2 protein chains.
Amino acid sequence: MARPREFDETAVLDAATDLFWNRGFEASSIRDLAARMGLTTASIYNAYGDKRALYKRVLERYASAALGSCASGLACGASGMEAIESFFLSLANATAAEPERKGCLIVNAGLESAPHDAQFKQIVADVFRQLETLFHDCAARGQIDGSVTRSQSAEDIARLLLGTMLGLRVLARTRPEPALLAGIARATTALLRP
Amino acid sequence: MARPREFDETAVLDAATDLFWNRGFEASSIRDLAARMGLTTASIYNAYGDKRALYKRVLERYASAALGSCASGLACGASGMEAIESFFLSLANATAAEPERKGCLIVNAGLESAPHDAQFKQIVADVFRQLETLFHDCAARGQIDGSVTRSQSAEDIARLLLGTMLGLRVLARTRPEPALLAGIARATTALLRP
DNA sequence: TGTGTTTTCGAACGCTCGTTCTATAATGGC
DNA sequence: GCCATTATAGAACGAGCGTTCGAAAACACA
């Protein structure tokens with residue numbers, strides 16, 4: 001009943017994600033976004049509303065992909081400990097091998113989003129909460145199968161793992177040195193053994 | 001030999017720090033800064049150069065104060081373990097009690113500063129390196145006095161403590177819940193005991 | 001084949017940005 | 001008391017920002 005869109009939504013959102021990920025919200029201009037997405041600014045406004053709405057869309061898309069990937073990673077492994085260990089080791093390795101030092105879009109957004117109202121912080125906090133739950137289930141599984149220490153509650157272990165992961169994500173952007181990242185992963189997993 | 005400055009440098013830099021801390025570099029305009037600092041924009045340019053130079057000045061001033069505070073905190077305590085424990089507990093408590101959710105200026109700067117050249121990232125990385133050294137010395141002290149486990153090297157423990165602290169700082173801005181912060185501090189210290 | 005709807009395009013809107021200019025005010029050394 | 005020097009004040013600069021507009025283009029359905 002009307003003229004159809006000419007662009008591929010996946011490619012366009014990937015391009016927007018890339019720019020926001022590298023530069024953050026404030027430093028990404030609509031014109032830069034349009035150039036990378038292969039659209040005019042008017043098309044962006046027609047399709048997504050305004051800059052904040054596009055950012056929200058990008059954030060939520062990234063968050064759901066990232067959470068899915070973490071969930072499947074933490075569900076693998078013969079034991080809870082193995083899942084945690086391979087999760088952190090592969091996170092450290094992937095971080096060290098990433099040349100752009102982009103870190104994690106959610107963490108970047110969480111630290112930038114002081115002024116832009118509470119909506120973005122809410123998204124970030126929700127992702128962190130779900131991550132904490134994933135870690136909790138994995139730690140509890142490890143305590144049941146005997147691979148994870150019972151000296152701390154599964155709740156506290158989950159909190160610690162969340163904090164450690166966020167620390168890794170900070171270092172991914174600021175000091176992505178293999179020895180540093182691997183050391184964190186190594187010490188974390190080693191200290192969690194019974 | 002010339003007209004003297006009318007403003008108090010400490011108060012003026014404190015005000016600039018506060019705005020950068022809350023909003024980040026990009027979202028802090030020179031006019032906002034001038035208003036908070038009680039100066040005209042021309043005075044800022046006369047005294048500090050340009051916006052980047054002012055930011056660098058603020059960053060370095062904050063970094064040296066923060067590092068000094070961490071160093072003196074980690075030097076206290078009857079044992080290495082006590083120093084680490086009180087350091088993380090008071091960090092968690094202070095974070096939970098801070099209503100503005102500003103987090104840490106250095107961490108915020110490190111995650112925002114992708115575009116602004118390598119100079120800011122260098123400052124951030126240096127602070128993290130010095131923090132790692134402080135943690136290392138404290139962990140080594142604890143291993144000597146028997147309060148800290150020898151199951152991991154002091155190097156890896158220092159890396160882990162750096163990562164955990166950065167994670168706490170991320171959560172300070174995004175999810176400053178007392179139970180979460182205290183749980184991280186509690187688990188970290190508990191797992192480091194011999 | 002026309003009609004209605006939506007997308008695209010490029011130019012334009014008003015605003016704020018970082019920065020600079022001009023003029024004036026305030027000092028210390030002669 | 002004058003002069004060189006520096007700080008202040010406020011207006012102004014060009015550039016870029018987020019956003020919108022009017023017209024042209026492309027489809028679905030009658």
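Everything numeric in this text was worked out from a predicted model, so none of it was measured. Chain letters run A, B, ... following the sequence lines, proteins first, then strands; residues in each count from 1.
- Between B:Asn46 atom CG and D:dT5 atom C1' there is a gap of 11 Å when expressed in whole angstrom units.
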Can you give me every donor-acceptor pair (side chain of residues 61-78 of chain B, partner residue at least two apart or in another chain, under 3.5 Å) with its distance?
| residue | atom | partner | partner atom | Å |
| --- | --- | --- | --- | --- |
| B:Arg61 | NH2 | B:Asp14 | OD1 | 2.2 |
| B:Tyr62 | OH | B:Leu105 | N | 3.3 |
| B:Ser72 | OG | B:Ser69 | O | 3.2 |

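- Between A:Ser43 and the phosphate of C:dT7, there is no side-chain N or O to OP1/OP2 separation shorter than 4.0 Å.
- Closest heavy-atom contact between A:Ala179 and B:Arg159: O-NE, 3.6 Å.
- Between the CZ atom of B:Phe7 and the C1' atom of D:dA7 there is a distance of 9 Å, rounded to whole Å.
- Here B:Arg150 pairs with B:Gln143 under the side chain to side chain contact (heavy atoms under 4.5 Å, CB included) rule; sequence neighbours left out.
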Q: Mark up nucleotides 12-22 of chain D, 5' to 3', with B wherever a protein heavy atom is under 4.0 angstrom from a base atom, S wherever such an atom reaches only the sugar-phosphate, and - elsewhere.
A: B----BBBBB-
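- At whole-Å resolution of the value, CD1 in B:Ile44 and P in C:dT20 are 13 Å apart.
- For A:Lys56, the side chain to side chain contact (heavy atoms under 4.5 Å, CB included) partners two or more places apart in sequence, or in a different chain, are A:Glu60, A:Gln119, A:Phe120, A:Ile123.
- Taking atom CZ of A:Arg5 as the reference point, atom P of C:dC9 lies 13 Å away to the nearest angstrom.
- Taking atom CG of residue A:Leu39 and atom P of nucleotide C:dG10, one finds them 12 Å apart after rounding to whole Å.
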For residues 182-194 of chain A, dump all side-chain donor-acceptor pairs below 3.5 Å to protein atoms at least two apart in sequence or in another chain.
| residue | atom | partner | partner atom | Å |
| --- | --- | --- | --- | --- |
| A:Arg186 | NE | B:Asp156 | OD2 | 2.6 |
| A:Arg186 | NH2 | B:Asp156 | OD1 | 2.9 |
| A:Arg186 | NH2 | B:Asp156 | OD2 | 3.1 |
| A:Thr188 | OG1 | A:Ile184 | O | 2.7 |
| A:Thr189 | OG1 | A:Ala185 | O | 3.1 |
| A:Thr189 | OG1 | A:Arg186 | O | 3.0 |
| A:Arg193 | NH2 | A:Glu85 | OE1 | 2.9 |

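- Here A:Asp137 pairs with A:Thr133 under the side chain to side chain contact (heavy atoms under 4.5 Å, CB included) rule; sequence neighbours left out.
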